[in-house]
Amino acid sequence: MRVLGIDPGIAIVGFGFIDKQGHKLVPVQYGSIQTEANTDPAVRLQEVYEATVHLIDKYKPDSMAIEKLFFNKNVTTAITVGQARGVLMLAAVQKGIAIAEYTPLQVKQAVVGYGKAEKKQVQEMVRMFLRLSAVPKPDDVADALAIAICHAHSAGLTQKLNGVEKR
């Protein structure tokens, strides 16, 4: 199973592709999509969309896991992130890729085992799970990989539960 983890944003979109091979998680590719600050927001969203479509075409994930939007004190930021989530999800849906959404609390719980874990703890666990020599930078990339790890762990359980429900 190949998972694309996404940490949405308009300035920086973190992405990470991982393969789940049995109980092993293998990093495939990770990085960020970055847009210029003084560019028209609609153009930035188009750049995010097109870069995401290119990544999906190149790495062919089975599913995409994306961070759920939680209400932020800065409403403008929340709206912008919501718009970016929209184009990211559109890219996946148009390519026939299933989408899973996780809250930051769920991601921290899955990766660290504690829903209120510090950012540094999450980053270190990502590094350890994926056997990386260093924590991926910028932080958005490590967050995207954490979301992918969360889904890789959760997807198997969800499939098992769905199997039980269908009996």
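What you see below is based on every heavy atom in this structure, not just the backbone, and it leaves out hydrogens, waters and symmetry mates. Keep in mind it's a predicted model, so treat the numbers as computed, not measured.
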Identify whether Leu4 and Val87 are in the same connected component of the hydrophobic contact network (ILVMFWY, side-chain heavy atoms under 4.5 Å).
-> yes

Side chains of Pro136 and Leu145: does their closest heavy-atom pair fall under 4.5 Å?
-> yes

Nearest heavy-atom neighbours spanning Ala11 and Arg44 = CA-NH2, 3.3 Å

To the nearest 0.5 Å, tell me how far Glu101 CD sits from Gln106 CD.
-> 10.0 Å

If you group Ile, Leu, Val, Met, Phe, Trp and Tyr by side-chain heavy-atom gaps below 4.5 Å, do Ile33 and Ile97 land in one group?
-> yes

Ser32 to Pro138 - nearest heavy-atom pair and separation = OG-CD, 4.2 Å

Evaluate the side-chain proximity of Tyr49 to Leu45: yes if any heavy-atom separation is below 4.5 Å, no if none is.
-> no

Determine whether Ile79 and Val43 fall in the same hydrophobic cluster, where Ile, Leu, Val, Met, Phe, Trp and Tyr are linked whenever their side-chain heavy atoms lie under 4.5 Å apart.
-> no

With a 4.5 Å heavy-atom cut-off, do Ile66 and Ile147 have their side chains touching?
-> no

Atom CZ of Arg2 and atom CD1 of Ile18: how far apart are they, to the nearest 0.5 Å?
-> 10.5 Å

Search all heavy atoms of Phe15 against all heavy atoms of Gln29 and return the closest pair with its distance.
-> CE1-CG, 4.3 Å

Take atom CD of Glu118 as the centre, draw a 6.0 Å sphere, and report whether it contains more than 12 heavy atoms from other residues, nucleotides or ligands.
-> no

Report the C-alpha distance between Leu88 and Val48 in whole Å, list the side-chain angles of each, state the deciding distance to 0.1 Å, and finish with yes or no for side chain to side chain contact (heavy atoms under 4.5 Å, CB included).
-> CA-CA 7 Å; Leu88 290 158; Val48 166; 3.7 Å; yes

Is there side-chain contact between Pro41 and Thr80, with heavy atoms separated by less than 4.5 Å?
-> no

CZ/Arg131 to CG/Leu25 distance, rounded to the nearest 0.5 angstrom?
-> 7.5 Å

Could you tell me whether the side chain of His153 reaches within less than 4.5 Å of the side chain of Val111, counting heavy atoms only?
-> no

Run the numbers on Val3 and Asp62 for side chain to side chain contact (heavy atoms under 4.5 Å, CB included), then give the verdict.
-> CA-CA 6 Å; Val3 177; Asp62 299 304; over 6 Å; no

Rounded to the nearest 0.5 Å, what's the gap from CD on Gln46 to OG1 on Thr39? Could you check?
-> 11.5 Å

Is Leu55 reachable from Val93 through a run of hydrophobic residues whose side-chain heavy atoms are each under 4.5 Å from the next?
-> yes

Should we count CD of Glu36 as having more than 12 external heavy atoms under 6.0 Å?
-> no

Kindly indicate whether the side chain of Ile149, heavy atoms from C-beta on, has any atom under 4.5 Å from the side chain of Leu130.
-> yes

Could you pull out the closest heavy-atom pair between Ala146 and Val122, with the gap in Å?
-> CB-CG1, 3.8 Å

Check step by step if side chain to side chain contact (heavy atoms under 4.5 Å, CB included) holds for Asp140 and Val13.
-> CA-CA 7 Å; Asp140 310 76; Val13 175; over 6 Å; no

Evaluate side chain to side chain contact (heavy atoms under 4.5 Å, CB included) for Val135 paired with Glu124, printing each intermediate quantity in order.
-> CA-CA 7 Å; Val135 171; Glu124 184 57 23; 4.1 Å; yes

Would you say Lys24 has more than 12 foreign heavy atoms packed within less than 6.0 Å of its NZ?
-> no

Would you give the length of the straight line joining atom NZ of Lys108 to atom CE of Met125, rounded to the nearest 0.5 angstrom?
-> 14.5 Å

Closest heavy-atom contact between Ala92 and Met64?
-> CB-CE, 3.5 Å

So, do Val81 and Ile10 sit near enough that their side-chain heavy atoms are less than 4.5 Å apart?
-> no

Smallest heavy-atom separation, Met1 atom then Ala152 atom, equals CE-CA, 3.8 Å

Among side-chain atoms of Tyr102 and Gln109, is any donor-acceptor pair under 3.5 angstrom?
-> no

Any sub-3.5 Å donor-acceptor pair from Asp19's side-chain atoms to Gln21's backbone N or O?
-> no

Do Val141 and Tyr59 sit in the same hydrophobic cluster, where Ile, Leu, Val, Met, Phe, Trp and Tyr count as joined when their side-chain heavy atoms come under 4.5 Å apart?
-> no

